[in-house]
Amino acid sequence: MEELTFEQAMKRLEEIVNSLETGDAPLDQSMALFEEGTKLSAYLNRLLDQAEQKVTIMTKKENGEPVEVPFEAAEGAI
(Lines give C-alpha, C1' and ligand atoms only; values in the text may rest on other atoms or scores of the structure.)
Protein backbone atom coordinates (compact mmCIF):
# COMPACT_ATOMS: atom_id res chain seq x y z
CA MET A 1 0.00 0.00 0.00
CA GLU A 2 2.95 2.28 0.61
CA GLU A 3 3.51 2.39 -3.14
CA LEU A 4 0.15 4.09 -3.72
CA THR A 5 -0.01 7.83 -4.15
CA PHE A 6 -2.59 9.76 -2.16
CA GLU A 7 -4.75 10.10 -5.26
CA GLN A 8 -4.55 6.39 -6.09
CA ALA A 9 -5.42 5.37 -2.53
CA MET A 10 -8.31 7.84 -2.45
CA LYS A 11 -9.66 6.53 -5.76
CA ARG A 12 -9.50 2.93 -4.53
CA LEU A 13 -11.23 3.88 -1.28
CA GLU A 14 -14.01 5.56 -3.28
CA GLU A 15 -14.38 2.40 -5.37
CA ILE A 16 -14.67 0.31 -2.20
CA VAL A 17 -17.26 2.64 -0.68
CA ASN A 18 -19.31 2.58 -3.88
CA SER A 19 -19.13 -1.20 -4.01
CA LEU A 20 -20.19 -1.55 -0.37
CA GLU A 21 -23.01 0.94 -0.81
CA THR A 22 -24.56 -1.08 -3.61
CA GLY A 23 -24.74 -4.10 -1.32
CA ASP A 24 -24.31 -6.51 -4.23
CA ALA A 25 -21.18 -8.22 -2.93
CA PRO A 26 -21.45 -11.40 -0.88
CA LEU A 27 -20.71 -11.06 2.83
CA ASP A 28 -17.17 -12.46 2.67
CA GLN A 29 -16.25 -10.11 -0.17
CA SER A 30 -17.87 -7.18 1.66
CA MET A 31 -15.83 -7.97 4.76
CA ALA A 32 -12.61 -8.10 2.69
CA LEU A 33 -13.50 -4.79 1.04
CA PHE A 34 -14.28 -3.23 4.42
CA GLU A 35 -10.90 -4.40 5.77
CA GLU A 36 -9.09 -3.00 2.72
CA GLY A 37 -11.01 0.26 3.09
CA THR A 38 -10.03 0.52 6.75
CA LYS A 39 -6.37 0.03 5.87
CA LEU A 40 -6.60 2.59 3.06
CA SER A 41 -8.24 5.07 5.42
CA ALA A 42 -5.43 4.66 7.96
CA TYR A 43 -2.84 5.04 5.19
CA LEU A 44 -4.51 8.20 3.89
CA ASN A 45 -4.62 9.62 7.42
CA ARG A 46 -0.87 8.97 7.78
CA LEU A 47 -0.20 10.74 4.48
CA LEU A 48 -2.32 13.70 5.57
CA ASP A 49 -0.53 13.86 8.93
CA GLN A 50 2.83 13.86 7.16
CA ALA A 51 1.69 16.61 4.80
CA GLU A 52 0.44 18.67 7.72
CA GLN A 53 3.80 18.36 9.43
CA LYS A 54 5.52 19.63 6.29
CA VAL A 55 3.43 22.78 6.23
CA THR A 56 5.76 25.65 6.72
CA ILE A 57 5.68 27.74 9.83
CA MET A 58 5.95 31.47 9.47
CA THR A 59 8.57 33.05 11.70
CA LYS A 60 10.21 36.44 11.73
CA LYS A 61 13.76 37.35 10.91
CA GLU A 62 15.65 39.69 13.18
CA ASN A 63 14.45 42.62 11.05
CA GLY A 64 10.80 41.54 11.50
CA GLU A 65 10.41 40.25 7.95
CA PRO A 66 8.51 36.94 7.72
CA VAL A 67 10.48 33.88 6.63
CA GLU A 68 9.25 30.36 5.87
CA VAL A 69 10.84 27.60 7.93
CA PRO A 70 10.17 23.90 7.27
CA PHE A 71 8.21 22.26 10.08
CA GLU A 72 11.08 19.90 10.94
CA ALA A 73 13.50 22.82 11.45
CA ALA A 74 11.02 24.79 13.53
CA GLU A 75 10.05 21.75 15.58
CA GLY A 76 13.41 21.71 17.35
CA ALA A 77 12.98 25.34 18.30
CA ILE A 78 9.73 24.66 20.15
Side-chain angles (χ1 to χ4, degrees):
M1 187 169 309
E2 300 293 323
E3 65 278 353
L4 294 177
T5 66
F6 181 86
E7 292 78 11
Q8 291 169 329
M10 193 65 174
K11 181 178 179 186
R12 177 62 183 144
L13 183 57
E14 288 172 358
E15 291 169 354
I16 290 170
V17 169
N18 289 334
S19 180
L20 290 173
E21 285 179 342
T22 64
D24 294 336
L27 181 60
D28 58 335
Q29 185 181 3
S30 293
M31 293 299 293
L33 287 170
F34 181 80
E35 184 177 345
E36 182 184 355
T38 302
K39 289 177 183 177
L40 281 168
S41 178
Y43 174 66
L44 287 164
N45 279 328
R46 278 194 313 275
L47 289 179
L48 287 172
D49 286 344
Q50 290 170 2
E52 183 178 346
Q53 290 176 357
K54 291 180 182 178
V55 171
T56 55
I57 297 173
M58 295 300 293
T59 60
K60 293 183 179 178
K61 291 182 181 180
E62 291 176 18
N63 64 2
E65 182 180 324
V67 62
E68 292 183 10
V69 179
F71 184 82
E72 291 83 14
E75 191 174 83
I78 298 174

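FYI, the numbering just counts along the sequence from 1.
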Test of understanding: clusters of I, L, V, M, F, W, Y form through side-chain heavy atoms closer than 4.5 Å, transitively. Do Leu13 and Met31 belong to the same one? no
Under the side chain to side chain contact (heavy atoms under 4.5 Å, CB included) test, residues paired with Arg46 that sit two or more places apart: Glu2, Ala42, Tyr43
Just to verify, what does Glu15 make a side chain to side chain contact (heavy atoms under 4.5 Å, CB included) with, not counting sequence neighbours? Lys11, Arg12
Just checking Phe34: does its CZ atom have more than 12 heavy atoms from other residues, nucleotides or ligands closer to it than 6.0 angstrom? no
Separation of [Y] [atom2] from [X] [atom1] (nearest 0.5 Å):
X	Y	atom1	atom2	value
Asn18	Leu33	CG	CG	11.5 Å
Glu36	Ser41	CD	OG	12.0 Å
Leu47	Glu7	CG	CD	9.5 Å

Decide yes or no on side chain to side chain contact (heavy atoms under 4.5 Å, CB included) for Leu20 and Ile16, but give the supporting numbers first. CA-CA 6 Å; Leu20 290 173; Ile16 290 170; 3.9 Å; yes
Grab the two heavy atoms, one from Ser30 and one from Ala25, that are nearest each other, plus how far apart they are. OG-O, 3.4 Å
